[in-house]
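Report on the following structure.
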Amino acid sequence: MIQDAGWSGGQHLMTRPLSNDLRERAVAAVLSGESRRSAAKRFGISVSAAVKLLQRHETTGSVAPGKMGGHEQAFAKIKHWMRQAQKRTVEDTWHHIGHLVETIEPGECKNYFANAGYASIKT
């Protein structure tokens with residue numbers, strides 16, 4: 001249901017992903033020394049969007065948007081990243097997995113467990 005801009009409740013409108021060009025320019029600005037906050041202001045994006053673009057770039061090497069309309073399973077994502085990294089020792093693999101796990105958002109983890117059939121028990 002679409003509501004006018006003055007409506008203050010219920011469903012919110014979904015936004016479209018940022019263009020790849022804008023994503024690449026924002027990441028390039030930060031990599032060249034500009035702060036995330038300054039780059040966000042210059043390119044008209046939120047600071048959190050700038051931070052997440054940098055995280056995506058650091059973990060995947062890409063700034064392309066992820067799949068929309070569903071949640072990728074957390075372990076499938078880690079498996080994909082591990083194949084890309086091609087770590088050859090146990091120690092390198094261990095450190096790389098530790099870094100990757102830090103990039104998984106709490107909501108994504110919650111969705112994984114819900115999809116896997118684990119119920120949330122509040123105590």
Side-chain angles (χ1 to χ4, degrees):
M1 177 187 225
I2 298 175
Q3 302 292 333
D4 70 28
W7 192 64
S8 62
Q11 281 192 306
H12 299 281
L13 300 175
M14 294 284 294
T15 60
R16 293 180 10 179
L18 302 173
S19 71
N20 283 341
D21 176 59
L22 179 59
R23 291 165 171 267
E24 290 168 359
R25 288 185 289 138
V27 168
V30 174
L31 293 178
S32 69
E34 191 170 348
S35 72
R36 288 165 175 80
R37 185 175 302 278
S38 173
K41 185 175 182 179
R42 179 158 63 115
F43 294 108
I45 62 175
S46 67
V47 176
S48 66
V51 169
K52 289 176 184 177
L53 284 173
L54 265 291
Q55 288 173 341
R56 176 177 291 278
H57 182 264
E58 290 170 358
T59 57
T60 69
S62 171
V63 294
K67 178 182 174 186
M68 292 184 68
H71 298 282
E72 187 177 358
Q73 295 295 310
F75 291 109
K77 183 182 284 189
I78 291 174
K79 185 176 173 182
H80 171 74
W81 288 337
M82 289 304 298
R83 285 186 176 151
Q84 283 185 325
Q86 297 182 2
K87 300 298 181 189
R88 299 292 184 219
T89 67
V90 172
E91 185 175 331
D92 286 347
T93 301
W94 180 256
H95 289 293
H96 191 67
I97 289 173
H99 174 70
L100 294 177
V101 168
E102 292 174 354
T103 67
I104 297 174
E105 299 290 330
E108 190 174 10
C109 190
K110 177 183 172 190
N111 289 335
Y112 170 78
F113 284 107
N115 290 338
Y118 294 100
S120 173
I121 299 174
K122 294 183 180 181
T123 57

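The first residue of the sequence shown is numbered 1, and numbering continues consecutively from there. Source: prediction; values computed, not measured.
Closest non-hydrogen pair, Ala85 versus His96, comes out as CB-NE2, 3.3 Å. Closest heavy-atom contact between Ala29 and Phe43: CB-CE1, 3.8 Å. Minimum heavy-atom separation, Thr60 to Gln84: O-OE1, 4.2 Å. Contact between Val30 and Ala39 at its shortest, heavy atoms only, is CG2-CB, 3.7 Å.
Taken to the nearest 0.5 Å, the CD atom of Glu34 stands 11.0 Å off from the NZ atom of Lys41.
Hydrophobic clustering of Ile, Leu, Val, Met, Phe, Trp and Tyr side chains at less than 4.5 Å, counting indirect connections, keeps Val51 apart from Leu22. The hydrophobic clustering, which links ILVMFWY residues whose side-chain heavy atoms are closer than 4.5 Å, places Ile45 and Leu31 together.
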Please assess Leu18 against Leu53 for the test side chain to side chain contact (heavy atoms under 4.5 Å, CB included), listing each intermediate value before the final yes or no.
-> CA-CA 10 Å; Leu18 302 173; Leu53 284 173; 4.3 Å; yes

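You'll find the side chain of His99 reaches within 4.5 Å of the side chain of Thr59, heavy atoms only. Looking at Lys52 and Arg56, their side chains never come closer than 4.5 Å, going by heavy atoms from C-beta outward.
Annotation: Arg25, atom CZ; neighbour count of heavy atoms from other residues, nucleotides and ligands within 6.0 Å is above 12.
There is a side-chain donor-acceptor pair under 3.5 Å between Ser48 and Ser46.
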